[in-house]
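The first residue in the sequence is number 1, and the count goes up from there.
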Amino acid sequence: METSSTSSYTAKLIDGPLEGKTVATAFLESGDPRPRLELGGDQGKHYVYARGSGLEFDAAGDARPTAVEYRFVETVFD
C-alpha cells in the first residue's frame, strides 16, 4: 500500500471564535501534525488552538492524516 506523501493537512477548528473554519497546515519535520496552532486575528490578537483527538484519512493505510481537529485554548492580545 502507498503511504501519503503530502506535506500539509487541513486543521479543522471545532470550537472557539474560529469554530467551523479550516486552514491548511504543514506537518512538523517529524511528519506529525502540529500540537498547537497560533492563528492571527484582527486588532492585535491571535488565537491558540491545541490538537484534539479527531483524525481523518483519505484511504486505509495512509501514514498521515488529511485532516486533524483542533480545540480552542485562548485568545492572546498583543
Peer 1: Which heavy atom in L39 sits nearest to a heavy atom in Y49, and how many Å separate them?
Peer 2: CD1-CD1, 4.3 Å

Peer 1: Show the nearest heavy-atom pair for residues R64 and G31, with the distance to one decimal.
Peer 2: NH2-CA, 3.5 Å

Peer 1: Who passes side-chain hydrogen bond (donor to acceptor under 3.5 Å, both in side chains) against E19, sequence neighbours left out?
Peer 2: none

Peer 1: Indicate if L37 and F27 have the same hydrophobic cluster label, given that clusters are the connected sets of ILVMFWY residues with side-chain heavy-atom separations under 4.5 angstrom.
Peer 2: yes

Peer 1: Which donor-acceptor pairs under 3.5 Å do the side chains of residues 69-78 make with protein atoms, sequence neighbours left out?
Peer 2:
unit_1 : atom_1 : unit_2 : atom_2 : d
Y70    : OH     : Y9     : OH     : 2.5
Y70    : OH     : R34    : O      : 2.6
R71    : NH2    : D15    : OD2    : 3.1

Peer 1: Measuring only between side-chain heavy atoms, which start at C-beta, is P33 closer than 4.5 Å to T25?
Peer 2: no

Peer 1: Taking atom NZ as the centre, does K21 end up with more than 12 heavy-atom neighbours from other residues, nucleotides or ligands that are less than 6.0 angstrom away?
Peer 2: no

Peer 1: Within the 4.5 Å heavy-atom criterion, are Y47 and L13 side-chain neighbours or not?
Peer 2: no

